[in-house]
Number of protein chains: 2
Amino acid sequence: MRSLFSQFSIKVNDKIYLKNPDESELGKRIIESSIILIDELGIEQFTFRKLGQRIGSPESTIYRYFENKHKLLVYLISWYWCWLEYRLVFSLANIESPTERLERAIDVLTGDIEQDDAFEHIDEVKLNRIVISESAKVYLTKAVDDENKLGLFGVYKNLVDRVVVIIRELHPEFQHPHSLISTVIEGAHQQKYFAQHLPSLTDITEDGGTVQDFFKQMVFCMIVRSKR
Amino acid sequence: MRSLFSQFSIKVNDKIYLKNPDESELGKRIIESSIILIDELGIEQFTFRKLGQRIGSPESTIYRYFENKHKLLVYLISWYWCWLEYRLVFSLANIESPTERLERAIDVLTGDIEQDDAFEHIDEVKLNRIVISESAKVYLTKAVDDENKLGLFGVYKNLVDRVVVIIRELHPEFQHPHSLISTVIEGAHQQKYFAQHLPSLTDITEDGGTVQDFFKQMVFCMIVRSKR
DNA sequence: GCAGATGCGCAAGTAATACTATTATATTTG
DNA sequence: CAAATATAATAGTATTACTTGCGCATCTGC
């Protein structure tokens, strides 16, 4: 199984980095360790100096790969969306029924994450935690418009679009497919975060499962109901 | 009209500040100017030094009111939730029908914000923009649990609870009222932000109105549908 | 009307952050 | 084997996020 996937690599927009971390051993160690460190410290406390100490390289070396820590975060989050899209495509392969396709799509978007052995240097479980607690900071910045022009958020849009297509199959006149899907993706993260840290803002218990049900209910109820 | 409200003041948790900015002229100027500056620069570029320069006071003076800029942001966001709760209560006064109450509640949570002359030193329109683009950063921090224990997010919970009560009136068995309302509040912010900066993630056009409709549809469809 | 507390301004200082630059050395490539 | 490239080692800068201490003005209670 592994040997099949080890050929693949996830391609994110090349304006995110100065030098592709995927193409060198050091680059991979930067990614591997940054996931561990950001998960541990949060992006605010994370610094290139600390990362350098962990991998035994000076911070100036890391600056040759990424302009700053924000771009590194953009890279990690983009990688995640790319990876999720590929998981989505696999999950939908050979499934005919649009209803089942949509259901499976929501499962991928809102379900729990497991380690993917195809990418040895990436801990998807930790990366998922980073996405939950840090991904919004990627676009909630004064630089959004510039970064958007460079196409840095393209992978996220692709993912949303793939699910929008399924909704259109089921209900071509539905008015807000993009809003619905982006609400599901972001909402699922929030609800999981709330369950862990601010439980009075949610009805979801920490042991998951309900998140998927809640958003499935939301999507199908909106699509079916607005159909008449 | 104004004289009636000028008696009131918004009470946030007193652990947010070191010295209540509401009780001095300088404190009010700190709040007034910080809203303008944060709206302009974003929280990352905003510093107490810049704020000090704007109000003609050294940064050390501002540190006597707030521990750091994060706490100042928590103050502003808390103030906003408090203010929104009071607007909600007014909007629901004397309305009997639970359906109409819920509809009005969603209007308050997702609708556009206008200047409230009751609070002269606060520009609610700018504050609303800050809430949209910075409020998530208040809880997406490694310090959430500590700050939650201090009760810093109490005002947000109160607001959510008020709407949960209406949902329970309409449908006592509904499983996820908290999740639904927190999704509506956060989702409305996101969709407005996307409309402005990442339009391909939403179907909402910049000139609002549709946000309210989308989330009303969501809430009513979920409550009605799950009723049978 | 004065003692004491409080609030603010002023000046200076510190540690950490977010970089940038320079040079030397090791490795790869042509 | 020469040239290009990648990394290490070291140092340096501007800014940020604070902290400290002192002096002056004002307000508060007696």
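Throughout, protein chains are lettered first and strands after them, A, B, ... in sequence-line order, and every chain is numbered starting at 1.
- Taking 4.0 Å as the cut-off between side-chain N and carboxylate O, A/K137 and A/E44 count as a salt-bridged pair.
- Salt-bridge check for A/R29 with A/E32: failed, with every basic side-chain N at 4.0 Å or more from each acidic carboxylate O.
- Not one side-chain nitrogen or oxygen of B/Y63 sits closer than 4.0 Å to the OP1 or OP2 atom of D/dT20.
- The residues B/K11 and B/D22 are annotated as not salt-bridged, no charged nitrogen and carboxylate oxygen being separated by less than 4.0 angstrom.
- Comparing D/dA9, C/dG7, C/dT17 against the side chain of A/P58 picks out D/dA9 as the nearest.
- As judged by a 4.0 angstrom heavy-atom cut-off over every strand, A/E25 is placed among residues making no nucleic acid contact.
- In this structure, B/S57 reaches the C/dG9 phosphate: one of its side-chain N or O atoms is under 4.0 Å from OP1 or OP2.
- Between the C1' atom of D/dT7 and the CZ atom of A/R64 lies a distance of 6 Å, rounded to the nearest Å.
- Rounded to an integer number of Å, the gap from CD of B/Q45 to P of D/dA17 is 9 Å.
- Counted by atom type alone, A/K157 and A/N148 present one or more donor-acceptor pairs between their side chains at under 3.5 Å.
- The side-chain heavy atoms of A/H176 and B/T210, taken from C-beta on, include a pair separated by under 4.5 Å.
- Taking atom CD1 on B/I62 and atom C1' on D/dT16, their separation rounds to 14 Å, with Å as the unit.
- Looking at heavy-atom distances under 4.0 Å, B/Y65 makes contact with sugar-phosphate atoms alone, never a base.
- If you measure from atom CD of B/E23 to atom P of C/dC8, you get 11 Å, rounded to the nearest angstrom.
- Whole-Å rounding puts the B/R49 CZ to D/dA14 C1' distance at 11 Å.
- The residue A/S60 sits close to a base: some heavy atom pair falls under 4.0 Å.
- Along DNA chain C, the nucleotide closest to B/I55 and the one closest to B/E59 are compared, and the more 5′ of them pairs with B/I55.
- The CZ-C1' distance, from B/F48 to D/dT19, rounds to 14 Å in whole Å.
- Checking C/dC19, C/dG7, D/dT16 against the side-chain heavy atoms of B/K19 singles out C/dG7 as nearest.
- A/Y17 places its OH atom 14 Å from the P atom of D/dA6, with the value rounded to the nearest Å.
- With rounding to whole Å, B/F66 atom CZ is found 16 Å from D/dC18 atom C1'.
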